[in-house]
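Every heavy atom of this structure was used, including side-chain atoms; hydrogens, water molecules and symmetry mates were not. Below, read A as the first sequence line, B as the second, and so on, with proteins coming before strands; counting in each chain starts at 1.
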Number of protein chains: 2
Amino acid sequence: MVIPGEQALAERGLRLTPQRMMILEAIEARDDHFSAEEIYAQVRQRYSHMNLSTVYRTLEILEQAGLVTQTDLGDGRVRYHWTEKSRHHHLICQGCGQVIDLEECLLAPLKETLRRDYGFSANIAHVTIFGRCAKCHEV
Amino acid sequence: MVIPGEQALAERGLRLTPQRMMILEAIEARDDHFSAEEIYAQVRQRYSHMNLSTVYRTLEILEQAGLVTQTDLGDGRVRYHWTEKSRHHHLICQGCGQVIDLEECLLAPLKETLRRDYGFSANIAHVTIFGRCAKCHEV
DNA sequence: GTCTATCTGCAAATGACTTGCATTCACTAA
DNA sequence: TTAGTGAATGCAAGTCATTTGCAGATAGAC
């Protein structure tokens, strides 16, 4: 179990190909939110034949396996993060584009309310709130 | 001042063209979240020469004027709603796609916390929470 | 080693917008 | 009321992230 996700792939009858290994390593090396294109660029530094379609397809199966989570950060592309690493939320400033991370516990009461009153099981790792940061608010 | 938004347009030196009037009327007739394409289809029933670019451009200026607000409902397109009508949030079920509306006040405490602790002025009309509704949760 | 369903690479397709530009037109000032 | 003009429209072409079809390659079971 050297490579993270190896087991998760095997459990689903999915193959651990060199391409997938490189993509998994690239993802593991990051703590932030990355786009498919960024992972593609990163892997290409080591393996120049990496294909962008393969990155997209790999991210898709990793998401289905629950290893990776999608987020919308308001730019026109999907961003991903390693599910286990990022249990937090995002404040996105519509003025300067800054992304502020929020602790998970801040939304715990809300999550409980949603479950109790609406029967809704919130995927709280996905919450993104738009607005203006202190600096941009004055403008 | 028969047409909503007429004043807001005039204040910005923007013209009230027939196309904009039709788009404004189409928007006013709706209480839900609509895409540019939907407004386009709706207006075309009355005026078959309506142009999709014009719809996009009009929605853009209406957003700048604050009359209309953008939301991300998780499908791959931008959705809009009439700002005054929709002071609420959305729970989106990732199982069945259902959109549940939430009352605005539910997030008021969170908004206050964000302002106090982070200096962040949350645009609370934009909040969307993904998860699973009661029906889809059992699966 | 063999076999086969799964993967990959490539190129082309998709789909939601966006843009350039020539033409048309809503408003303003005379 | 009517020019004049900057703004708006229509159309076609362009973007850009992402997806897909398909033929050839290959991981992993046996």
Residue met sooner reading DNA chain D from 5', once A:Ala36 and B:Arg57 are mapped to nucleotides: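 The answer here is B:Arg57.
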Closest-nucleotide 5' rank along DNA chain D - winner of A:Arg15 and A:Glu37: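 Its nucleotide being nearer the 5' end, the pick is A:Glu37.
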Protein-nucleotide distance ([X], atom [atom1]; [N], atom [atom2]), rounded to Å:
X	N	atom1	atom2	result
B:Leu59	C:dA16	CG	P	15 Å
A:Glu38	D:dT18	CD	C1'	15 Å
A:Glu60	C:dC7	CD	C1'	13 Å
A:Leu9	D:dT26	CG	P	19 Å
B:Asp75	C:dA16	CG	P	9 Å
B:Arg44	D:dG10	CZ	C1'	13 Å
A:Ile61	D:dA27	CD1	P	15 Å
A:Met22	C:dG9	CE	C1'	13 Å

For A:Asp75, all residues meeting side-chain hydrogen bond (donor to acceptor under 3.5 Å, both in side chains), sequence neighbours excluded: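 Expected list: A:Arg79.
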Would you say [N] has OP1 or OP2 under 4.0 Å from some side-chain N or O of [X]?
X	N	answer
A:Ser35	D:dA17	no
B:Arg20	D:dT9	yes
B:Tyr56	C:dT18	no
B:Gln19	D:dG10	yes

Comparing B:Tyr80 and B:Pro18 on DNA chain C - which has the more 5′ nearest nucleotide: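 In this pair, the answer is B:Tyr80.
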Do you know which two heavy atoms are closest between [X] and [Y], and how far apart they sit?
X	Y	value
A:Ile23	A:Val55	CD1-CA, 3.8 Å
A:Thr83	A:Gly66	OG1-O, 3.0 Å
A:Ala36	A:Tyr80	N-CE1, 4.2 Å
B:Gln42	B:Ala26	NE2-O, 3.2 Å

Interface residues of residues 46-54 of chain B with DNA chain C (non-hydrogen, below 4.0 angstrom):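 Residues of residues 46-54 of chain B that come under 4.0 Å of DNA chain C are, in numerical order, B:Ser53.
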Inter-axis angle, terminal five-pair segments of the helix from C:dG1-D:dC30 to C:dA30-D:dT1 [nearest 10°]: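 The angle separating the two end axes equals 40°.
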Parallel, tilted or perpendicular: rings of B:His81 and B:His90 (30°, 60°):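 Geometry flag for B:His81 against B:His90: perpendicular rings.
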Touch class at under 4.0 angstrom, heavy-atom based, for B:Arg77 against every strand present: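 Counting heavy atoms under 4.0 Å across all strands, the contact made by B:Arg77 is with sugar-phosphate only.
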